[in-house]
Amino acid sequence: MGAAELSIDLTAIVANWRALDALTASHVATAAVVKADAYGLGAAEVAGALARAGARSFFVALAGEGAAVRRAVGREAEVFVFAGHMANDASTLRDNALIPLLNSPEQWQCHQADLPGHAFGIQLDTGMNRLGMEAADWAGLRDHILRGKPSLVMSHLASADAPDDPLNAAQLAEFHAQTDGLNLRRSLAATGGVLLGRDYHFDLCRPGIGLYGGLPFGDARPVLRLSLPVVQVREVRPGEIVGYSGTWEAARPSRIATLAAGYADGLIRAMSGKALVWAGDIACPLVGRVSMDLMAVDVTDLDKVPEAFDILGPHQSVDDLAAAAGTIGYEILTSLGGRYNRVYIGG
Ligand SMILES: *Cc1c(COP(=O)(O)O)cnc(C)c1O
């Protein structure tokens, strides 16, 4: 037995995309956000499966991520770039027919100079103050930009995972104020925005995390199973320690299994002593420090030690594991390392 096995259920990703699409009215399209290698799960595989299922619009963060997605989705689909048109992006945007979402007057000028006539969209800031044109810049350039026929005008919500946050309604009102009456194709909602309801949907929704089974889409189908093989099992006497710095000490005669994955695989050190791994339906606690390639588990209470333990699966979601480590599901997903034996199911 070698590397840990990460199985990625493309059928579940497609089902989650359809379920999110079903929450919107029939005239609203649903895109797929596949930035950061589809949140670490493989942009080519994920985007290809979604394109075959009927997705027609995709989003990446950087132009450099667009080539792999373009290859996977074919010539017809739209591929948008959140970071817009940055220095030296022109040939990548052109060669892969990517649509930059221009974020500033400087990007608009750069795009006009370097790729006149090439499709573009506009990202507006409506209060998050991260990316997007300021209202005053948009007001000044708007008529000029509209003559270039933007493919999409979008903005992003800062607190869509918190439905009661008044910032949601404030950003919605600001987006209306900036875009109403202009006959534009519009997009505001990521996963959280889809769940906020139809006022937030406009023409195109762009979920990411919900496709991959993560919160705030609580009804998502689980997508991942991560199974860690046992390298070695040993008996430990009371008073003996396990792992770096001896942070765990046996209080009883214990049986310890050492598993073949660690923080170099994205199973971050903050999980030490907090996360569980599963032998079928039985949970076993991690003990001692997670190290680079290994972690230790107390298996004393098992009748039989299996060949491998699940750290992600039906009993422990990405969000459960994130909570144990004091972070969010997005970070656990995008940290999953390159050493796993990756197995794609369905799609
Ligand atoms: C990452 C991102 C999304 C997708 O967000 P999720 O919360 O993963 O659904 C949508 N829009 C923008 C601008 C983003 O940066």
Side-chain angles (χ1 to χ4, degrees), residues 1-8 36-37 39-41 209 212-215 222-343:
M1 178 160 299
E5 184 170 292
L6 179 65
S7 35
I8 300 167
D37 199 27
Y39 292 44
L41 303 187
I209 192 75
Y212 310 111
L215 290 175
V223 166
L224 293 182
R225 179 165 171 190
L226 176 55
S227 187
L228 311 181
V230 175
V231 187
Q232 187 178 14
V233 182
R234 58 164 32 75
E235 310 297 328
V236 171
R237 289 188 302 273
E240 287 193 292
I241 62 96
V242 171
Y244 281 122
S245 306
T247 58
W248 187 85
E249 189 180 303
R252 58 173 178 167
S254 301
R255 176 172 291 165
I256 300 296
T258 302
L259 310 185
Y263 60 75
D265 304 291
L267 301 175
I268 58 177
R269 199 162 164 275
M271 292 170 190
S272 301
K274 303 226 167 78
L276 301 171
V277 295
W278 296 80
D281 295 331
I282 306 171
C284 298
L286 294 190
V287 295
R289 293 248 163 94
V290 172
S291 49
M292 188 183 296
D293 318 298
L294 299 164
M295 59 179 71
V297 186
D298 184 351
V299 298
T300 314
D301 295 330
L302 293 181
D303 295 334
K304 182 173 179 299
V305 180
E307 282 185 16
F309 288 79
D310 285 346
I311 193 162
L312 291 173
H315 296 294
Q316 188 161 259
S317 70
V318 166
D319 291 289
D320 296 332
L321 191 56
T327 181
I328 57 173
Y330 296 75
E331 193 177 25
I332 297 295
L333 271 180
T334 56
S335 302
L336 291 172
R339 286 197 291 195
Y340 298 124
N341 174 26
R342 288 172 178 240
V343 177

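Counting from 1, the numbers follow the sequence of the chain as shown. All figures in this text were calculated on a predicted structure; none of them were measured in a lab.
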Under the salt bridge (charged side-chain N to carboxylate O under 4.0 Å, His left out) test, residues paired with D310 that sit two or more places apart: R225

Salt bridge (charged side-chain N to carboxylate O under 4.0 Å, His left out) partners of R255, counting only residues at least two apart: E235

When rounded to the nearest 0.5 angstrom, what distance separates [atom1] in [X] from [atom2] in [Y]?
X    : Y    : atom1 : atom2 : value
T334 : L41  : OG1   : CG    : 9.5 Å
D301 : I282 : CG    : CD1   : 9.0 Å
L228 : D265 : CG    : CG    : 8.5 Å
T300 : R252 : OG1   : CZ    : 4.0 Å
I8   : L224 : CD1   : CG    : 6.0 Å
L312 : I332 : CG    : CD1   : 8.0 Å

Under the side chain to side chain contact (heavy atoms under 4.5 Å, CB included) test, residues paired with [X] that sit two or more places apart:
X    : value
S291 : Y244, L294
E240 : V236, R237
R269 : Y263, S272, R289
A296 : V242, I256, V287

Y212: partners by ring-ring contact (aromatic ring centres under 6.0 Å, His included), with sequence neighbours left out: Y39

Give me the atom names and distance for the closest heavy-atom approach of [X] to [Y].
X    : Y    : answer
L267 : A261 : CD1-CB, 3.8 Å
R339 : A3   : O-CB, 3.5 Å
P238 : P253 : CG-N, 3.7 Å
A257 : V299 : CB-CG1, 3.9 Å
W248 : G288 : CB-N, 3.4 Å
L286 : M271 : CD1-O, 3.9 Å

Pairs meeting criterion ring pair (Phe, Tyr, Trp, His ring centres under 6.0 Å) with involvement of residues 311-341, two or more places apart: W278-H315

Donor-acceptor pairs are to be reported for all side-chain atoms of residues 316-328 against protein atoms at under 3.5 Å, with residues two or more places apart or in another chain.
| residue | atom | partner | partner atom | Å |
| --- | --- | --- | --- | --- |
| Q316 | NE2 | L276 | O | 2.7 |
| Q316 | NE2 | I311 | O | 2.8 |
| S317 | OG | D319 | N | 3.2 |
| S317 | OG | D320 | N | 3.0 |
| S317 | OG | D320 | OD2 | 3.2 |
| D319 | OD2 | L215 | N | 3.0 |
| D320 | OD2 | S317 | N | 2.9 |
| T327 | OG1 | E331 | OE1 | 2.2 |

Side-chain heavy-atom pair L333, I209 within 4.5 angstrom cut-off: yes

